[in-house]
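Everything below concerns the one structure shown next.
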Amino acid sequence: MTSPLSGTVALVTGASSGIGEQTAATLAELGADVVVAARRTDRLDALVDRITGNGGRALAVAADVTDEDQAVAAVGQAVERFGRLDTVVANAGVMLLGQI
C-alpha cells in the first residue's frame, strides 16, 4: 500500500526540536521526503539519521530563516535534491524566557 504522502516533498523550518522535529518525523513516516531546516545542525543531523534509519529520505539544511537569503537557499536546496517542493511547514520561532 502506498503511503499517503509518497512522492511529495516537505520543508519543515524549526525542525531541530519540539513541534518541528516531530512534524518532520511524522511527515517522513507518512511517506514524504523531508527537508529539515534550523540553525542547530547537530540536532538536524540526528533527525536525518533517525528518518533515514527508518527508511525515509531527508536532507538537513542549516538555515536561519529570519535571513531571507538563507530561507530562499533552503527552498532551493529542497528542489535541487528532490526535484520539487509540495509542502512548507513554517514552524521556526523564538521562545523568550523570563519571569511573568
Side-chain angles (χ1 to χ4, degrees):
M1 182 173 162
T2 302
S3 297
L5 297 179
S6 288
T8 66
V9 178
L11 167 65
V12 180
T13 67
S16 61
S17 64
I19 293 169
E21 179 180 13
Q22 187 57 54
T23 298
T26 300
L27 289 166
E29 289 170 11
L30 293 172
D33 295 330
V34 181
V35 178
V36 293
R39 294 173 295 160
R40 295 182 290 182
T41 57
D42 57 326
R43 306 262 331 235
L44 292 179
D45 291 339
L47 177 56
V48 166
D49 288 346
R50 189 169 97 211
I51 290 170
T52 58
N54 289 329
R57 296 193 325 160
L59 170 68
V61 174
D64 178 349
V65 296
T66 64
D67 179 299
E68 183 178 354
D69 290 338
Q70 290 184 46
V72 169
V75 170
Q77 288 180 54
V79 173
E80 181 179 320
R81 171 72 176 272
F82 294 114
R84 62 189 288 167
L85 181 59
D86 302 289
T87 303
V88 174
V89 179
N91 173 72
V94 176
M95 181 172 59
L96 302 175
L97 300 175
Q99 295 180 340
I100 294 178

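Along the sequence shown, residues carry numbers from 1.
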ILVMFWY network linking [X] to [Y], side-chain heavy atoms under 4.5 angstrom:
| X | Y | result |
| --- | --- | --- |
| V75 | V88 | yes |
| V79 | L59 | yes |
| V9 | L30 | no |

Nearest non-hydrogen partners of [X] and [Y], listed with the distance:
| X | Y | result |
| --- | --- | --- |
| T13 | A92 | OG1-N, 3.0 Å |
| A15 | L47 | O-CD2, 3.4 Å |
| A58 | I51 | CB-CG2, 3.8 Å |
| V35 | A78 | CG2-CB, 3.6 Å |
| R43 | S17 | NH2-CB, 3.7 Å |
| G14 | N91 | O-ND2, 3.2 Å |

**Request:** Check D33, V36, L5, T8 against L27 for a side-chain contact (heavy atoms from CB on, under 4.5 Å) and give me the one that passes.
**Result:**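 Among D33, V36, L5, T8, the one meeting side-chain contact (heavy atoms from CB on, under 4.5 Å) with L27 is L5.
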**Prompt:** Looking at L11, V34, T23, which one forms a side-chain contact (heavy atoms from CB on, under 4.5 Å) with V89?
**Reply:**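 When L11, V34, T23 are each tested with V89, the side-chain contact (heavy atoms from CB on, under 4.5 Å) holds only for T23.
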**Message:** Donor-acceptor check, side chain of D64 to backbone of T66, threshold 3.5 angstrom: yes or no?
**Reply:**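 Pair found, side chain donor or acceptor close to backbone of T66.
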**Asked** Quick one: salt bridge (charged side-chain N to carboxylate O under 4.0 Å, His left out) partners of D86, sequence neighbours excluded?
**Response**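 Once residues adjacent in sequence are excluded, the partners of D86 under the salt bridge (charged side-chain N to carboxylate O under 4.0 Å, His left out) criterion are R84.
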**Request:** Identify, with sequence neighbours excluded, every residue that meets salt bridge (charged side-chain N to carboxylate O under 4.0 Å, His left out) alongside R39.
**Result:**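 For R39 there are no salt bridge (charged side-chain N to carboxylate O under 4.0 Å, His left out) partners, ignoring immediate neighbours.
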**Asked** Would you say R40 and L44 make side-chain contact, with heavy atoms under 4.5 Å?
**Response**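 Heavy-atom side-chain distance check fails, nothing below 4.5 Å.
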**Prompt:** Once you round to the nearest 0.5 Å, how far does CD of E29 lie from CD of Q22?
**Reply:**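 It is 7.0 Å, given to the nearest 0.5 Å.
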